[in-house]
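In the text below, chain A, chain B and the rest are named by the order of the sequence lines, each starting its count at 1.
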Protein chains: 2
Amino acid sequence: MALNRSVPVPLYYQLAELIREQIAAGELRPGDQVPGERTLSEQYQISRMTARQALVYLEREGTLVSEQGRGTFVAAPKLTYDALHLLGFTEAMLLRGAKPRARVLEQGVVTPPLRVARDLGLAGGEEAVKIVRLRFSDVTPLLLETSYIPLSRCPGLAQDDLASQSLYTLLEQRYGVRLLRATQTLEATVANAYEQQLFGVAEGMPMILLTGVTFDDHNKPVEQFKAIYRGDRFKLTYESERGAPVGNQVPAPRLSMVLA
Amino acid sequence: MALNRSVPVPLYYQLAELIREQIAAGELRPGDQVPGERTLSEQYQISRMTARQALVYLEREGTLVSEQGRGTFVAAPKLTYDALHLLGFTEAMLLRGAKPRARVLEQGVVTPPLRVARDLGLAGGEEAVKIVRLRFSDVTPLLLETSYIPLSRCPGLAQDDLASQSLYTLLEQRYGVRLLRATQTLEATVANAYEQQLFGVAEGMPMILLTGVTFDDHNKPVEQFKAIYRGDRFKLTYESERGAPVGNQVPAPRLSMVLA
DNA sequence: GTGCCCTAGTGGTATAGAGCAATAGGCTGT
DNA sequence: ACAGCCTATTGCTCTATACCACTAGGGCAC
């Protein structure tokens, strides 16, 4: 609970770590106000500038946001869909005022294919929950999504209701999985016969294929996924900027999936 | 040349701007050492911490890199292809050990289509240089690229040699255009008859269509482009991470085009 | 009530000064 | 010649202090 001055780790960094841990432990929740610069400096017996350095550091990495005259607050995670999954299907839907719906086509425990098992780091024969969902905007099917999650991570997932709630919320809230990182690959393809029928599109319809793996805070793979989007309805926009930082935040390239 | 204390602009920010301008003007070139904290504080009559704040600020945004015991230096631009254009065609080629080649299919002054003129902010009838290039890895055509650049920006471009040199290098070095920002959109499509013949692929081949606009340091549009990639050879990978900053740099999501 | 001002608390900027850690290059002893 | 030390220079951390800008809320005047 105190800082250690006899170790070659900067005080501001120790304090930043400490605050990060408090957030990770749930002692500080998104939206909560963190102690101010003056309070921290007194509490940990450091100068205000040093306390400030820790806060600025955390603000820069996106963990905190501060507002002059009000205080400093724990930032919303804004990762689950946004940066992490890139797709933002639900967001894109809500933005357009359409109602996101899902039909569960498959949900159960299986022995995953070799390629999937490898992505998930599973030993031979280890089981996983397979989930296949078709997602709609109102009545139009837009996206077919297949996910595999190791059974050991989510014992009851095969029985949970997935039609009405997000898989990511479920994983985080019910199974305590903290998703932090994702690798994904996007490519162009055309609809196969099954997909043609499912989406009700013509032969040769261009589609976007998104595959990838999400990882938790221990860098262990959590989910292997594959999603097929209707190519005529989705675009991907990418904005890169080498601009001046706004406040303390350095602008990162923005990438988002938009519905045409 | 001096800082102004009677305006509500922070000193550290004024100094940062000043250094940025010196880099933009070519007085400081990539790799050059910038004056140290102590020198700057004396030179501009500000405290050392304030000078330092300016340097840290510029380091964070990637303009400078500093090394303890050595000094602070102007960073390499590393933008032209990397973050800016996303595609990194030449890089992907060189990485695989293949030789990037280009055949110029069209190069001349035209009155651009309405939609392009709008993107470039051109008045009706204003002319632009149109460039169409087919780009190869060795002998395989992989990418068809069409660019429009306002004629006023690059008077001689219609005559320049584009087969052997990069359009971006040419714009920067010969016409003094500083490309800083890009918006682009990626979508899936299928090859049309002309593209089928050009690439020598079958009907219905999935393709990636990348369109966008690049902007200069005054936020004026410089180029409108459209690129068609062979879908069976290109993938897009995206890696998002919410990690700890390394040094002063916050990791941004990495997006790159890879050749399958 | 309504509008205004004042004030306490917050983050943001700036100062001056101290010591630490890493680097590069010259110097010195062998 | 060479290895090792020494020192100047650089960036990095930290302290203590001051004042400014902005916000929210209480209380006062109307």
Side-chain angles (χ1 to χ4, degrees), chain A residues 2-19 28 31-75 244-250, chain B residues 2-19 28 31-60 62-75 244-249:
Chain A
L3 306 183
N4 184 352
R5 300 183 107 94
S6 58
V7 123
V9 178
L11 291 176
Y12 80 89
Y13 189 84
Q14 292 185 45
L15 177 54
E17 284 279 273
L18 219 145
I19 295 174
L28 288 170
D32 283 1
Q33 181 165 10
V34 305
E37 301 173 355
R38 291 162 179 86
T39 313
L40 287 172
S41 77
E42 193 186 344
Q43 185 173 346
Y44 292 102
Q45 292 294 299
I46 56 181
S47 99
R48 190 185 151 205
M49 284 299 278
T50 304
R52 175 174 170 72
Q53 201 174 352
L55 294 181
V56 167
Y57 179 88
L58 289 172
E59 186 186 358
R60 191 118 31 185
E61 78 172 43
T63 306
L64 302 179
V65 288
S66 54
E67 211 171 324
Q68 192 170 136
R70 287 198 352 110
T72 303
F73 306 87
V74 178
V246 179
N248 276 315
Q249 202 77 21
V250 175
Chain B
L3 305 184
N4 184 351
R5 300 185 107 93
S6 57
V7 290
V9 179
L11 292 176
Y12 80 91
Y13 189 83
Q14 292 185 46
L15 177 54
E17 284 278 274
L18 218 147
I19 295 174
L28 288 169
D32 284 1
Q33 181 165 11
V34 307
E37 301 172 355
R38 291 161 179 86
T39 315
L40 286 172
S41 77
E42 194 186 344
Q43 187 174 345
Y44 293 103
Q45 292 294 300
I46 56 180
S47 99
R48 192 177 150 210
M49 284 298 279
T50 304
R52 175 173 170 71
Q53 200 175 352
L55 295 180
V56 166
Y57 179 88
L58 289 172
E59 186 187 357
R60 189 118 29 186
T63 307
L64 303 178
V65 287
S66 54
E67 211 170 324
Q68 190 170 142
R70 290 201 347 113
T72 303
F73 306 87
V74 179
V246 180
N248 276 315
Q249 204 77 19

Between [X] and [N], does any side-chain N or O lie under 4.0 Å from OP1 or OP2?
X	N	answer
B:S66	D:dC12	yes
B:Y12	C:dT13	yes
B:R48	C:dG17	no
B:R38	D:dT10	no
A:R5	D:dT15	yes
B:T50	C:dT15	yes
A:R52	C:dG12	yes
B:T72	D:dG11	yes

How long is the span from the [atom1] atom in [X] to the [atom2] atom in [Y], to the nearest 0.5 Å?
X	Y	atom1	atom2	answer
B:Y44	B:L11	OH	CG	12.0 Å
B:E42	B:R48	CD	CZ	12.5 Å
A:L3	A:L18	CG	CG	6.5 Å

Find the distance [X]:[atom1] to [N]:[atom2] and express it as a whole number of Å.
X	N	atom1	atom2	result
B:E37	C:dA14	CD	P	16 Å
B:E67	C:dA21	CD	C1'	13 Å
B:L64	D:dT10	CG	P	16 Å
A:Q53	D:dG11	CD	C1'	13 Å
A:Q68	D:dC19	CD	C1'	12 Å
A:L11	C:dA18	CG	C1'	15 Å
A:R70	D:dA21	CZ	C1'	16 Å
B:E42	D:dT9	CD	P	13 Å

Nearest nucleotide by nearest heavy atom, which residue falls closer to the 5' end of DNA chain D, A:V9 or B:P8?
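Closest to the 5' end, via its nearest nucleotide, is A:V9.
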
Mind checking if B:I46 touches a base, just sugar-phosphate, or nothing, with heavy atoms under 4.0 Å?
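Since only primed, P, OP1 and OP2 atoms lie under 4.0 Å of B:I46, the category is sugar-phosphate.
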
Do other residues, nucleotides or ligands put more than 12 heavy atoms under 6.0 Å from the CD atom of B:Q43?
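Yes - once you tally the heavy atoms of other residues, nucleotides and ligands closer than 6.0 Å, there are more than 12.
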
Using the side-chain contact (heavy atoms from CB on, under 4.5 Å) definition, which of the options B:T39, B:T72, B:L40 pairs with B:V34?
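Going through B:T39, B:T72, B:L40 one by one, the side-chain contact (heavy atoms from CB on, under 4.5 Å) with B:V34 is satisfied by B:T72 alone.
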
